[in-house]
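Written below as structure tokens is the structure these notes are about.
Atoms within each ligand, like the ligands themselves, are counted from 1 in listed order.
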Amino acid sequence: MLLIIKADIEPGDLDTIKNHIESKEAAYSLASTDAHIIIEIETNSHLFDTKHVAGFPGVIAVNRLSEPFPLAASKKGAKPHLIKVGNKSIGGDNFTLIAGPCSLESEKQIISIVSELKNADVDIIRAGVFKPRTSPYSFQGLGIEGLKILRRVTSDYGFPVVTELLDTRDLDEVYKYTDVIQIGMRNMRNYSLLKEAGKQDKPVLLKRASDASVNEWILAAEYILNEGNKDVILCERGITNPVSCKKTLLDLNGALEAMSLTNLPVIADPSHGAADNRLVAPLAKAAVAAGLHGIMVEVHIEPLEALSDGFQAIKPDNFKPLAEQLRAIRKILGGE
Ligand code: PEP
Ligand code: MN
């Protein structure tokens, strides 16, 4: 980070700036020209708030030379970060297909879906047992009992599983029964949950809040990385649509930006991104064609009977050809 300071700054004001930098234990160097004093903060510059530093008397400009998210940032020449789940990896040239119901509703329901997905080249099963619902009267998920069913059924069929963690109090149980921990869009800013997810060693699938900038989304990932967990999968799931009657807009621009700014795998969830079952297939194909690392799709045997998100779920019979098409698109583009 570079601070451009006027040459005739009061000595006391310059000391205040130096003391601030030293309080963050950052290394810096100082150079003077006739018109300016230039301070270059060499290490730990991510600990500084640009607006705060720009407000010190005598500071003319602040130029961030490094990313505000040093752990998530893509580094020159570095290999893409691969995340192992089951016997496959997410990221790099790998393409990951995640599918399953929005909510686990019963043992019978999850068996009926997972047994269909066994023939659809799916890598990971998804299903929520702790559901973040707008209304407290809507189905809230089967909780820990559901977790156990999910683990048993997916193990029987040989699948790894991803499920959402809503609350730090459930972390130990969710950790025990899942392979990947999902943090939903409502919790993208739940910093204590992000930190706890960063302290454990299972991969975290982090959804982007529908009103979050790409920067803010990556900073949420940085919270997890900063606690030691390197395995964060970013998931674009649609942003609030400002211009049409459709609720959400799958932001492929944002997902591609996250891919270029970080070394983390980035996937798309066209089910929540579309909030309309008719748009799921075209959006999924667009996301794969754009080069994203994977797709997560909600699948239900009887979408109209689903206890959550039925309007955006597709049936296994529609999912299977879609899965084949997605893999074919990926192959044309040179991926696995
Ligand atoms: C979900 O995956 O079912 C879900 C609740 O997702 P989101 O956090 O993106 O709304
Ligand atoms: Mn859902």
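Take the N/O/S atoms of H272: the one nearest the Mn ion (ligand 2) is NE2. Within E298, the N/O/S atom positioned nearest the Mn ion (ligand 2) carries the name OE2. In D309, the N, O or S atom that comes nearest to the Mn ion (ligand 2) is OD2.
In this structure, of R126, E164, E236, the residue bringing a heavy atom nearest to atom 3 (O) of ligand 1 is R126.
Short contacts between ligand 1 and Q182, defined as distances under 4.0 Å to a heavy atom of the residue, involve ligand atoms 1 (C), 2 (O). Listed by number with element, the atoms of ligand 1 under 4.0 Å from a non-hydrogen atom of R186 are 10 (O). Near C102, meaning under 4.0 Å from one of its heavy atoms, ligand 1 places the atoms 3 (O). Distances below 4.0 Å separate heavy atoms of G184 from the following atoms of ligand 1: 8 (O).
Ranking protein heavy atoms by distance to atom 8 (O) of ligand 1, first place goes to M185 N, 2.7 Å. Closest to atom 4 (C) of ligand 1 among all protein heavy atoms lies H272 NE2, 3.4 Å. Nearest non-hydrogen protein atom to atom 10 (O) of ligand 1 is R237 NH2, 2.9 Å. Looking from atom 6 (O) of ligand 1 to the surrounding protein, the closest heavy atom is K207 NZ, 3.0 Å.
Of the polar atoms of E298, at least one N or O is found under 3.5 Å from an N or O of ligand 1, judged by distance alone. Looking at ligand 1, you won't find any N or O of M296 less than 3.5 Å from one of its N or O atoms.
A salt bridge between K207 and E236 is absent, with no side-chain N of the basic residue lying under 4.0 Å from a carboxylate O of the acidic one. Taking 4.0 Å as the cut-off between side-chain N and carboxylate O, E196 and K199 count as a salt-bridged pair.
The closest donor-acceptor contact from the side chain of N263 to the backbone of P80 lies at 3.5 Å or more, if one exists at all. Using a distance-only test at 3.5 Å, with no hydrogens or angles considered, a donor-acceptor pair links the side chain of Q109 to the main chain of E105. Under a 3.5 Å cut-off, the side chain of H81 and the backbone N or O of K230 do form a donor-acceptor pair. Formation of a donor-acceptor pair under 3.5 Å by the E222 side chain with backbone atoms of L71 is found in this model. Using a distance-only test at 3.5 Å, with no hydrogens or angles considered, a donor-acceptor pair links the side chain of K75 to the main chain of A73. Without hydrogens or angle criteria, N94 side chain to G91 main chain gives a donor-acceptor distance under 3.5 Å.
Proximity of G128 to ligand 1 is not established, as no heavy-atom distance is less than 4.0 Å.
In summary, the aromatic rings of F56 and H20 are positioned with their centroids under 6.0 Å apart.
Remark: K202 is positioned above the aromatic ring of Y175, its terminal NZ or CZ atom under 6.0 angstrom from the ring centre and at most 45 degrees off the axis.
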